[in-house]
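The next block holds one structure in the form of C-alpha cells; read it before the comments.
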Amino acid sequence: MSKDKSGKIPTPQAVRGTQDMLGDFADRFQHVVETFERVRRLYGFKRVEVPVIEPTAVFARSLGETTDVVSKEMYSFEDRGGESITLRPEFTAGIARAYVTNGWQQFAPLKVATHGPLFRYERPQKGRYRQFHQLDAEVLGSDSPLADAELLVFADQLLKELGIAEGVTLTLNTLGDAESRDAWRAALVEHFEAHRGDLSEDSLARLDKNPLRILDSKDPKDRPIADSAPDIDAFLTGEAQDFFGAVTAGLDAAGVAWERNARLVRGLDYYRHTAFEFVTDRLGAQGTVLGGGRYDGLIENLGGPPTPAVGWAAGIERLAMLIDEPRTGLLKVIMAVEDDLAVPAAQKVIATLRANDLSADMIATGSARKRYDKATKINAHVLMSLRWVDDKPVVRTQSAPESEVHTQVRTILDNLGFR
RNA sequence: GCGAUCGUAGCUCAGUUGGUUAGAGCGCCGGUUUGUGGUACCGGAGGUCGCGGGUUCGAGCCCCGUUGGUCGCCCCA
C-alpha cells in the first residue's frame, strides 16, 4: 500500500455523530432488528414505512414549538424550493401525519411497527448519535388500556428474546388525564416555588419552562426537594385511576414484572395516562433502553381529529450494545487455492457449493504458499485446499470428524468429478 | 451551548525527569519448509507523533490556540 504524497487528496470525514458499522456490531444490530420483526408479527403489528424527511411543521407542531428541541435539536434545512425540511427526529409524528393524511382512521385501532434511522442535532455521547436507529411500535385510535398493556407485553417479550431482560427494569407511571395532570402540575409548581431558594440553577430555569422535569433532576441539591414533592396519586381522577389499574392488571395477568416510578414524567403536554421506560444501569448516562407512553393529544396538534394513541420506541444501538454476541452462521467451507492454474476449477467448485446452499469463500490472491495459512485462520466447518498436480487440480478437505457438512461437500465434489 | 479527557504505523497500544536514528503485537508484503500440511519460523515495507504557533541548545513529552474522538452537563420527542 503505497501513499502518493504528491497528489494529496484530503479524505472527507464522516459527518459528526454518524457511525459506520462492520462485522460484530453490524451483526448485533441486525439481530436486534430481526428479533423485533419476528416478535411484532406475533402481536399482529403491521409493518409501516414513513418518509425520512417531512415538512418541519410535522415535528414542530407535534412538539408544540416550545422547547430547545425544536429550536436547536432538529436536523433541519431548506430544500431548493425554499421549504423547511426536517430529517425525522422520531417516528411518532410522521406516523401520526400519515394516519391523518391517508385516512387510516378507517383501520382504527391500527397497530403498526417500523424501524430505521432518525436524526437529532445533538452532541454525541455514549449511546447517543446524530444519526441513530430505533424500533418503534404504535397503536393508533384506541383509548383502551388493553392497548397500553399489549404494547408493554410486546416490549417485555422483545427484551426477553434479546436476552437482556435480566439487567433491565420496566418502570411505570401514570400522568393521568388532562384534569389530573393540570392539578398535579399546579401542586408541583407550588411545592417548588416554596423551595425556590434551595433549587439548583438548572432547576430554577426548569421551574418556568418545564417544572415536571425537576422531578428527575440529577443535581444532589434538588433531590430532597424533588423527593418530597407530591405524587400524582392524590390528584388522579377516578377514571384515571381505573385506567392505570387496568394497565397494571394487564401486565400482572401476562406475567410482566414492573415497578412504579412516581417520578417518571414526560415534558410534552400531549402525553396522558401511561408513561414507561425500560431502564438499565449498564449504559452510563443513557439508561433508557425502551420508552414510550400514551399521547392522546398529539394527532389533534397536527390538525387531525381527536385520536387516542399509545406507542414506544427503542434505540437499536443501545440494544445492540447490551445483547450477547449473536451466533452468526459459521462459514461452511473455506478454500485455499494454492496455485493460480487451479483458479478456474476453484471457481467451479465454489459456485457449485453456493448453489447448493453451502456458504463458501476462497483465498486465491497473494502469495500462493501462504494461502493455506490464511485459510486455516478463518473459522469454517470444512477447510479445503486446491492444488495443481500433473496438469490437474487436486482437492483435499479437512474437517471435524463425522461432520454432516463434510459429507455434503464430499458428495458435491464427487459429482463434479473430483477425487 | 458548557465541562473533562484523549489524538504516536492500516488496527490496538508502549514511549522514562524534555536528550542521538520513535518501538511492540496484530494485519499487509516477501522468503524458508513441496507438504494428509503450515494458526510455524525468518525478513521487509509502512509514521511530517491530529494541525498551527510558542518555550528550549534540544519537544512525541512543557505552554497557547485549533480540530477530531470519547465521556459527562443542558436537552431528551
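Only a predicted model underlies this, so the values are computations on that prediction, with no experimental measurement involved. Each chain gets a letter, A, B and so on, in the order its sequence line appears, and its residues count up from 1. Both backbone and side-chain heavy atoms feed into the values below; hydrogens, waters and symmetry mates do not.
- Residue side chain A:Glu338 does not reach the base of B:rG38 through any donor-acceptor N/O pair under 3.5 Å, judged by distance alone.
- Remark: the A:Tyr372 side chain and the B:rG38 base include no donor-acceptor N/O pair separated by less than 3.5 Å.
- With a cut-off of 3.5 Å on both pairing distances, the Watson-Crick or G-U wobble partner of B:rA4 is B:rU70.
- Contact of A:Lys370 with B:rG31 (side chain to base): a donor-acceptor pair of N or O atoms is detected under 3.5 Å.
- In this structure, A:Arg260 pairs ionically with A:Asp233, as a charged nitrogen and a carboxylate oxygen lie closer than 4.0 Å.
- Using a 4.0 Å heavy-atom distance criterion, A:Ser385 is classed as a base contact.
- Cation-pi geometry between A:Arg120 and A:Tyr75 is not satisfied (NZ or CZ under 6.0 Å from the ring centre, within 45° of the ring normal).
- Sequence order on RNA chain B of the closest nucleotides to A:Tyr271 and A:Lys218 puts A:Lys218 first from the 5' end.
- At the phosphate of B:rC71, neither OP1 nor OP2 sits under 4.0 Å from any side-chain N or O atom of A:Gln125.
- Applying the Watson-Crick and G-U wobble criteria (two distances, each under 3.5 Å), B:rA59 pairs with nothing in any strand.
- Protein atom CG of A:Asn210 is 9 Å distant from nucleotide atom P of B:rA77, rounded to whole Å.
- Pairing partner, B:rC26: B:rG10, with both Watson-Crick or wobble hydrogen-bond distances short of 3.5 Å.
- Between A:His133 and A:Phe29, the distance from one ring center to the other falls under 6.0 angstrom.
- Taking atom CD of A:Gln13 as the reference point, atom C1' of B:rG69 lies 10 Å away to the nearest angstrom.
- Mapping A:Arg128 and A:Arg16 onto RNA chain B by nearest heavy atom places A:Arg16 closer to the 5' end of the strand.
- Using a 4.0 Å cut-off between a side-chain N of Lys or Arg and a carboxylate O of Asp or Glu, A:Glu150 and A:Lys111 qualify as a salt bridge.
- Between A:Trp312 and A:Phe154, a ring centre-to-centre spacing shorter than 6.0 Å is recorded.
- At the heavy-atom level, A:Arg123 lies under 4.0 Å from base atoms of the strands shown.
- For B:rG37, there is no paired base (Watson-Crick or G-U wobble, both distances below 3.5 Å).
- Using a 4.0 Å heavy-atom cutoff across all strands shown, A:Asp202 reaches sugar-phosphate atoms only and no base atom.
- Closest to the side chain of A:Arg206, from the set B:rC75, B:rG1, B:rG38, is B:rC75.
- Atom CG of A:Leu302 and atom P of B:rA77 are 17 Å apart (whole Å).
- Using Watson-Crick or G-U wobble geometry with both donor-acceptor distances under 3.5 Å, B:rC75 finds no partner in any strand shown.
- To the nearest whole angstrom, the two P atoms, one in B:rA22 and one in B:rG46, are 13 Å apart.
- Contact annotation: A:Arg120 side-chain N/O to B:rC76 OP1/OP2 distance is not under 4.0 Å.
- Taking atom P in both B:rG7 and B:rG54, one finds a spacing of 23 Å when rounded to whole Å.
- Ion pair A:Glu37/A:Arg47 flagged as a salt bridge, since at least one NZ, NE, NH1 or NH2 atom sits closer than 4.0 Å to an Asp/Glu carboxylate oxygen.
- Here B:rG35 presents its P atom at 16 Å from CD of A:Gln398, a figure rounded to the nearest Å.
- Contact of A:Thr376 with B:rG37 (side chain to base): no donor-acceptor pair of N or O atoms is detected under 3.5 Å.
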